[in-house]
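Proteins come first, then strands; the chains are lettered A, B, ... in the order of their sequence lines, and each starts at number 1.
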Amino acid sequence: MEIKAYKNGFFIENNKYFDPYKTFDCGQCFRFKKTEKGIIGVAFGRVITIEEEKSGCYIYGNSSLGFDVIKSFLDCENKYDEIEEFLKNDEIMAPALSFGCGIRILKQEFFETLISFIISQQNNIPRITKTVEKFSELFGDKIEYKGEIFHTFPRAEQLKDITVFDLEPLRCGYRASYIIDAIEKVLSGEIDFSSLKSMDYITAKNRLLTIKGVGSKVADCICLFSLGQFSAFPTDTWIKKAMQQLYSVPEKEILQKSQTLFGEYSGIAQQFLFYYLRYNKKVHKS
DNA sequence: TCCCAGGACTACT
DNA sequence: AGTAGTCCTGGG
């Protein structure tokens with residue numbers, strides 16, 4: 001997908017394989033919201049807006065955005081037309097692909113993804129959003145943009161010496177101690193983004209599993225949404241039900257089956273399935 | 001009041 | 001090795 005520098009921002013010409021609303025509303029990120037014109041939120045320490053016009057999308061930041069950063073964030077390199085075409089060979093997936101066409105996998109900041117998806121367990125999206133927002137308010141940097149206050153998601157260094165007590169305002173319950181463990185492991189270098197990025201999917205996932213509160217599902221979310229591991233197939237309760245009912249796969253074989261069905265694009269298939277299920281709650285009863 | 005929500009841990013067999 | 005119970009919290 002082509003992205004061009006335009007004034008002090010960027011422009012993406014109308015493209016059926018980039019729908020900002022679907023992309024930011026398919027559950028992969030928690031810090032963007034709808035506006036009248038498009039989407040606004042915080043990532044990479046900046047306020048980012050995406051506004052849809054007749055000819056395409058304009059992307060701006062409160063301060064200048066690196067071309068490479070935004071290109072990577074929106075996963076401009078991958079060819080979603082080809083990927084979707086490939087996944088459409090599976091007739092069960094086909095309707096989900098048509099329905100969700102335009103979803104892209106965001107490549108998000110590692111630390112934010114790690115903490116956000118720890119918070120996400122046994123939780124619902126509105127509350128996850130609130131908790132992540134509160135976390136940023138408490139520990140991140142304040143940004144004022146067009147009369148509105150935003151907060152960056154804190155870097156690990158900004159969270160030195162915090163305890164579960166400091167997280168009490170989050171009201172995130174037992175997850176607080178998990179967050180503390182994650183912060184400690186990142187600060188000690190035990191969990192290190194650049195080394196994780198250099199690992200293959202399975203090795204990276206296993207390393208992530210050493211963090212308390214990070215199980216298979218959360219680890220897969222981190223692999224997919226921040227490490228660019230598209231083989232990852234986050235299996236939450238919805239996906240579990242769908243795989244059991246649509247593909248008649250026993251629970252234990254879901255991950256394996258995803259690899260044979262979708263291979264290196266498992267993560268993309270997962271997002272389309274998830275988006276489809278959330279809006280067509282057919283496969284909801286056990 | 002009880003039950004559950006985009007899981008994971010712990011303590012049992 | 002595999003699996004129930006349990007865990008914080010807020011909304012229905």
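Between the A/Ser248 side chain and the A/Leu246 main chain, no donor and acceptor come within less than 3.5 Å of each other. No side-chain donor-acceptor contact under 3.5 Å links A/Arg31 to the backbone of A/Gly41. Of the possible donor and acceptor atoms, one in the side chain of A/Ser98 sits under 3.5 Å from a partner among the backbone N and O of A/Ala94. A distance-only check finds no donor-acceptor pair linking the side chain of A/Thr23 to the backbone of A/Pro20 [under 3.5 Å].
As a whole-Å value, the separation of A/Gln271 CD from B/dG6 P is 14 Å. The interatomic distance linking A/Lys205 (NZ) with B/dG7 (C1') rounds to 13 Å, in whole Å. Rounding to whole angstrom units, OH of residue A/Tyr174 and P of B/dG7 are separated by 8 Å. At whole-Å resolution of the value, CG in A/Asp236 and P in B/dC4 are 17 Å apart. As rounded to whole Å, 9 Å separates atom C1' of B/dG6 from atom CZ of A/Phe117. Whole-Å rounding puts the A/Trp238 CH2 to B/dG6 C1' distance at 8 Å. With rounding to whole Å, A/Ile222 atom CD1 is found 14 Å from B/dG7 atom P.
Applying the salt bridge (Lys or Arg N to Asp or Glu O under 4.0 Å) criterion to A/Glu184, with sequence neighbours excluded, gives no partner residue. Among residues two or more places apart in sequence or in another chain, the salt bridge (Lys or Arg N to Asp or Glu O under 4.0 Å) test is passed with A/Lys33 by A/Glu148. Taking the ring-ring contact (aromatic ring centres under 6.0 Å, His included) definition, one finds that A/Tyr21 meets it with nothing, sequence neighbours left out.
Between the P atoms of C/dC8 and B/dA11, the separation comes to 13 Å (whole Å). A distance of about 23 Å separates the C1' atoms of B/dA8 and C/dG11, rounded to the whole Å. To the nearest whole angstrom, the two P atoms, one in C/dG2 and one in B/dG6, are 28 Å apart.
Nearest approach of A/Leu277 to A/Ala242, heavy atoms of both residues: CD1-CB, 3.6 Å.
The closest side-chain donor-acceptor pair between A/Thr203 and A/Asp200 falls under 3.5 angstrom. A/Tyr17 and A/Asn78 share no donor-acceptor pair across their side chains, judged by distance under 3.5 Å alone. Judged by distance alone, the side chains of A/Asp75 and A/Tyr80 do bring a donor and an acceptor atom under 3.5 Å apart.
Near-neighbour residues of DNA chain B inside residues 94-105 of chain A, defined by a heavy atom below 4.0 Å, are absent. Residues from residues 131-140 of chain A placing a heavy atom under 4.0 Å of any atom in DNA chain B do not occur.
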Criterion salt bridge (charged side-chain N to carboxylate O under 4.0 Å, His left out) on A/Glu168 and A/Arg171, from CA distance to verdict: CA-CA 6 Å; A/Glu168 204 265 333; A/Arg171 317 297 298 153; 2.6 Å; yes

Show every donor-acceptor pair shorter than 3.5 Å between a side-chain atom in residues 263-272 of chain A and any protein atom, with sequence neighbours excluded, or say none if there are none.
from	atom 1	to	atom 2	distance (Å)
A/Ser266	OG	A/Ser258	O	3.2
A/Ser266	OG	A/Gly263	O	2.7
A/Gln270	NE2	A/Pro234	O	2.9

Please table the atom pairs, donor to acceptor, closer than 3.5 Å between any side-chain atom in residues 58-74 of chain A and protein atoms at least two apart or in another chain.
from	atom 1	to	atom 2	distance (Å)
A/Asn62	OD1	A/Val47	N	2.9
A/Ser63	OG	A/Arg46	NE	3.1

Counting only pairs under 3.5 Å, give me each side-chain donor-acceptor contact of residues 152-165 of chain A, with atom names and distances, residues two or more places apart or in other chains.
from	atom 1	to	atom 2	distance (Å)
A/Thr152	OG1	A/Asp141	N	2.9
A/Arg155	NH1	A/Glu157	OE1	3.4
A/Gln158	OE1	A/Arg155	N	2.8
A/Gln158	NE2	A/Asp141	OD1	3.0
A/Thr163	OG1	A/Phe165	N	3.2
A/Thr163	OG1	A/Asp166	OD2	3.3

Just distance, no hydrogens or angles: give the donor-acceptor pairs under 3.5 Å from side chains in residues 217-224 of chain A, sequence neighbours left out.
from	atom 1	to	atom 2	distance (Å)
A/Asp220	OD1	A/Tyr201	OH	2.6
A/Asp220	OD1	A/Lys205	NZ	3.4
A/Asp220	OD2	A/Lys205	NZ	3.1

Per-nucleotide protein contact string for nucleotides 8-13 of chain B, where B marks a base within reach and S marks sugar-phosphate only (heavy atoms under 4.0 Å, - for neither): SS----

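Looking at heavy-atom distances under 4.0 Å, A/Lys252 makes contact with sugar-phosphate atoms alone, never a base. Using a 4.0 Å heavy-atom criterion, one finds that A/Arg127 contacts the bases of the nucleic acid, with or without backbone contacts as well. Among the heavy atoms of the strands lying under 4.0 Å from A/Ile125 is at least one base atom, whether or not backbone atoms are also near.
The phosphate of B/dG6 has neither OP1 nor OP2 within less than 4.0 Å of any side-chain N or O from A/Thr235.
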Under the 3.5 Å Watson-Crick or G-U criterion, the dot-bracket string of DNA chain B, with | for inter-strand pairs: .||||.|||||||

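At most 12 heavy atoms of other shown residues, nucleotides or ligands fall within 6.0 angstrom of atom NZ in A/Lys37.
If you walk DNA chain C from 5' to 3' and mark each nucleotide with an atom closer than 4.0 Å to a heavy atom of chain A, the marks span C/dT3 to C/dG10.
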